[in-house]
Amino acid sequence: MLDPHYLRNHLNEVAKALKSRGFELDTDAFAQLEEERKKLQIETQALQQERNEKSRSIGQAKARGENIDEILTEVATLGDRLKESEQKLAKIQAKLNDIMLRIPNIPHESVPFGESEEDNVEIRRWGEKPPMDFEPQDHVDIGTALKMLDFETAVKITSSRFVIMKDQIAKLHRALIQFMLNTHTSEHGYTEVNVPYLVNAESMQGTGQLPKFEEDLFAVREHGFYLIPTAEVPVTNIVRNEILEVGDLPRKYVCHTPCFRSEAGSYGKDTRGMIRQHQFEKVELVQMVRPDESWQALEELTAHAETILQKLGLHYRVITLCTGDLGFSAAKTYDLEVWLPSQKTFREISSCSNFLDFQARRMKARWRNPETGKPELLHTLNGSGLAVGRTLLAVMENYQDEKGRIHIPKVLQPYMEGTDVID
RNA sequence: GGAGAGAUGGCAGAGCGGUUGAAUGCACUGGUCUUGAAAACCAGCAAGGGUUAAUAGCCCUUCCAGGGUUCGAAUCCCUGUCUCUCCGCCA
């Protein structure tokens, strides 16, 4: 959520910035609602003040043993007027709040302007394409031939966009998780957490999935829970409604969870293989930091995610998302894209974002600034470190040989009990 | 799932329907004392919002959440959520 104060006073400026990411803010309607709110709020508070004063004088008169009939008649209609005013105000505040919750974050000034992913800007590359003097297969063909990926049975059990991993592929998948968690905890200073996979609506609102993106989520409606689309939701909400002391910052969490996405609206997109599944696993990095440290934290967090790709020896590039491709809550996002030989292109494997105080304001996540002594909103960041399913297929494709075998990167071999090739 | 108890400031913990936004302790901040620290003593210290140029005043809201009773609710009533104890079930 944007700062309501700031929005009110810089309405046109904000509207212009939001337009760069394709969001139209109806400034006239907002300004009018805001004016109404102001009038009603002043009126309501004046009535409340009057009630408080009269009630207090009744109490005092009674204590002195005086007659209170006169004051009581004065107050007779006050209750009804106040109630009416309060209800009107509540209604308009709810309306404004709903609007506020649906306004995306303002892109940071360093974010390149653009309309779609076409306009994203590559900022660096690492590594090289693996040399292959044969036509590379995709992970579906490799995994199916090995009888270690089974899409058909998963359809029987559930539906499309699910998969069954078996044997050495399942183990490789598990090895990747362990490797990522160990790297981030031992080398990057993150604290490992294990969190609920079902969350309530407040948590979803806190990180920005609700109210606007309900159709992207799976829900357990009879309990009012949602399946998490990313560990970002439960992990970031750890600090919801908290005031952290300065010594408690930064908080750096790493968390492995399954992620559940309905993929509404992506019909026909990436239908083959494990690129886009309803259920996939991810190791997520989440940071809560002092506001003056968040931009540096974004660079560090991105580097932490990159470390995984580097240790795995996977060729990748880093891009800055342009204004039009930016996610709802993010002020700036770097995507890591890994090379996929079968598609002869780079595909997203991590997304690292600074949300500034956008999520923190929704969550009331604060820290006590020792300079002012007052609670202030903190900044939140997160990034995949990495998406495990996509990393798995990147390893399968980049480390395949002409016989359809998969060679295991050195760093993973200890997690594979010494296995160096899957065949 | 059944029975009972509870939910108050960063934490612990009082609180008669009427200056209670809330005693007290801890923590924290400032000061005195001290070579320094500790201790002791003194003082300060909830959050959110409105108005405003203002981090000045003034005002409003908030004692789990949502309703209700009342001129007035932390205090009374109803509903929900959560926590704890016991029983049942269970990885």
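The figures here come from the full heavy-atom set of this structure, side chains too, leaving out hydrogens, waters and symmetry mates. Note that the structure is a prediction, hence the values are computed from the model and not measured.
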Visitor: Quick one: look up who C16(B) pairs with, Watson-Crick or G-U, both distances under 3.5 Å, and put none if it's unpaired.
Guide: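 The base-pairing partner of C16(B), which may sit in any strand shown, does not exist here.
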Visitor: When rounded to the nearest Å, what value does the distance between C1' atoms of C45(B) and A23(B) take?
Guide: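 The answer is 16 Å between these two C1' atoms.
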Visitor: Using whole Å, report how far CD of E202(A) lies from C1' of G66(B).
Guide: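 Checked: the CD to C1' distance equals 13 Å.
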Visitor: I'd like the C1' distance from U20(B) over to G9(B), given in whole Å.
Guide: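 About 13 Å, rounded to a whole number of Å.
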Visitor: Mind checking the P distance from C58(B) to G21(B)? Whole angstroms is fine.
Guide: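 Those two atoms are separated by 16 Å.
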Visitor: In whole angstrom, give me the gap between the P atoms of U75(B) and G68(B).
Guide: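 To the nearest whole Å, 14 Å.
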Visitor: Counting only Watson-Crick or G-U wobble pairs whose two distances fall under 3.5 Å, which nucleotide matches A53(B)?
Guide: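 With both distances under 3.5 Å required, A53(B) matches none.
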Visitor: Taking 4.0 angstrom as the limit, do R102(A) and D98(A) come out as a salt bridge?
Guide: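 Answer for the salt bridge query: yes.
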Visitor: Could you tell me how far apart E74(A) (CD) and G72(B) (C1') are, to the nearest whole angstrom?
Guide: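 Distance check: E74(A) CD to G72(B) C1' gives 15 Å.
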Visitor: Does A37(B) have a Watson-Crick or wobble mate here (both distances under 3.5 Å), and if so which one?
Guide: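 Its partner is none (no Watson-Crick or G-U wobble pair with both distances under 3.5 Å).
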Visitor: Whole-Å distance between A46(B) P and I243(A) CD1?
Guide: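 Answer to the nearest Å: 12 Å.
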Visitor: Please tell me which of the listed nucleotides, G18(B), G50(B), A47(B), lies nearest to the side chain of P375(A)?
Guide: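 Looking only at side-chain atoms, P375(A) lies closest to A47(B).
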Visitor: Please name the nucleotide paired to A46(B) by Watson-Crick or G-U wobble geometry with both distances under 3.5 Å, or report none.
Guide: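 Check on A46(B): paired to U62(B), both distances under 3.5 Å.
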Visitor: If the P atom of G4(B) is compared with that of C63(B), how far apart are they to the nearest Å?
Guide: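 Per the computed distance, 27 Å lies between those P atoms.
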Visitor: Sort out the partner of U83(B) for me: Watson-Crick or G-U wobble, both distances under 3.5 Å, none otherwise.
Guide: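 U83(B) is paired with A5(B).
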Visitor: Run the salt bridge (Lys or Arg N to Asp or Glu O under 4.0 Å) test against E24(A) and tell me which residues pass, sequence neighbours left out.
Guide: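 Result, salt bridge (Lys or Arg N to Asp or Glu O under 4.0 Å) vs E24(A): K19(A).
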Visitor: What integer distance in Å separates K54(A):NZ from G18(B):P?
Guide: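 Rounded to the whole Å, the gap is 22 Å.
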Visitor: Could you check which of C60(B), C71(B), G49(B) has an atom nearest any side-chain atom of Q48(A)?
Guide: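 Of the candidates, C60(B) comes closest.
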Visitor: For E245(A), check salt bridge (Lys or Arg N to Asp or Glu O under 4.0 Å) against everything at least two apart and list the hits.
Guide: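 Partners of E245(A) under the salt bridge (Lys or Arg N to Asp or Glu O under 4.0 Å) test: R368(A).
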Visitor: Starting at the 5' end of RNA chain B and moving along, which residue's nearest nucleotide shows up first, E245(A) or F225(A)?
Guide: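 It is E245(A), whose closest nucleotide lies nearer the 5' terminus.
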Visitor: I'd like to know whether the aromatic ring centres of F260(A) and Y197(A) sit less than 6.0 Å apart in this structure.
Guide: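 Ring centres of Y197(A) and F260(A) not closer than 6.0 Å.
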Visitor: Taking 4.0 Å as the cut-off, does a side-chain nitrogen or oxygen of R366(A) come that near to OP1 or OP2 on A46(B)?
Guide: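 No, R366(A) has no side-chain N/O under 4.0 Å of OP1/OP2 on A46(B).
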Visitor: Within a strict 4.5 Å, meaning less than it, do heavy atoms of the P229(A) and L217(A) side chains meet?
Guide: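 A side-chain contact exists here, since the closest heavy-atom pair is under 4.5 Å.
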Visitor: So, OP1 or OP2 of G48(B): does either fall under 4.0 Å of a side-chain N or O from R361(A)?
Guide: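 For G48(B), OP1/OP2 do not have a side-chain N/O of R361(A) under 4.0 Å.
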Visitor: Q41(A) side chain: which of G49(B), C60(B), U52(B) is closest?
Guide: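 Minimum distance to the Q41(A) side chain belongs to G49(B).
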Visitor: Does G67(B) have its OP1 or OP2 closer than 4.0 Å to a side-chain nitrogen or oxygen of K83(A)?
Guide: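 So the side chain of K83(A) is outside the cut-off, no N or O lying under 4.0 Å from OP1 or OP2 of G67(B).
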Visitor: Look at R51(A) and U61(B) and indicate whether a side-chain polar atom (N or O) is within less than 4.0 Å of OP1 or OP2.
Guide: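 So the side chain of R51(A) is within the cut-off, an N or O lying under 4.0 Å from OP1 or OP2 of U61(B).
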Visitor: State yes or no: are the ring centers of Y399(A) and H407(A) separated by less than 6.0 Å?
Guide: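 Here the rings of H407(A) and Y399(A) have centres that are no less than 6.0 Å from each other.
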Visitor: Which nucleotide in the set U51(B), C59(B), G18(B) lies at the smallest distance from any side-chain heavy atom of I58(A)?
Guide: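 That would be G18(B).
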Visitor: Can you tell me the Watson-Crick or wobble partner of C11(B), both distances under 3.5 angstrom?
Guide: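 G25(B) is the nucleotide pairing with C11(B).
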Visitor: Taking the same atom, C1', in G67(B) and in A73(B), what whole-Å distance lies between them?
Guide: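 To the nearest whole Å, 14 Å.
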Visitor: Provide the distance between the two C1' atoms, one in U8(B) and one in G15(B), to the nearest whole Å.
Guide: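 Each nucleotide's C1' atom is 9 Å from the other's.
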Visitor: Between U52(B) and C64(B), how far apart are the two C1' atoms, rounded to whole Å?
Guide: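 After rounding to an integer number of Å, I get 34 Å for this pair.
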Visitor: Could you pick out which residue, Q93(A) or K62(A), lies toward the 5' side of RNA chain B when each is mapped onto its nearest nucleotide?
Guide: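 Taking each residue's closest nucleotide, the earlier one in sequence belongs to K62(A).
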Visitor: For a quick test of reading the model: is some side-chain N or O of N52(A) closer than 4.0 Å to OP1 or OP2 of G72(B)?
Guide: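 No, because none of the side-chain N or O atoms of N52(A) sits under 4.0 Å from OP1 or OP2 of G72(B).
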Visitor: Return the value, rounded to whole Å, for the distance between atom NE2 of H5(A) and atom P of U51(B).
Guide: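 In whole Å, U51(B) P lies 7 Å from H5(A) NE2.
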Visitor: How many whole angstroms separate atom CG of N200(A) from atom P of U81(B)?
Guide: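 Rounded to whole Å, this separation is 13 Å.
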Visitor: Identify which one of E337(A), R124(A), E306(A) satisfies the side chain to side chain donor-acceptor pair (under 3.5 Å) criterion when paired with Y316(A).
Guide: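 Among the candidates, only E306(A) passes.
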Visitor: Can you tell me the base-pairing partner of A73(B)? Count Watson-Crick or G-U wobble geometry only, both distances below 3.5 Å, and say none if there is no partner.
Guide: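 No nucleotide pairs with A73(B).
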Visitor: Within this structure, what is the CG-to-P distance between L244(A) and C28(B), rounded to whole angstrom?
Guide: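 The answer, rounded to whole Å, is 17 Å.
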Visitor: Can you check the L40(A) CG to G50(B) P distance for me, whole Å?
Guide: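 Taking CG of L40(A) and P of G50(B), I get 15 Å after rounding.
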Visitor: Any ion pair linking E43(A) and K88(A) (charged N to carboxylate O, less than 4.0 Å)?
Guide: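 Here K88(A) does not pair with E43(A) in a salt bridge, since their nearest N and O are not under 4.0 Å apart.
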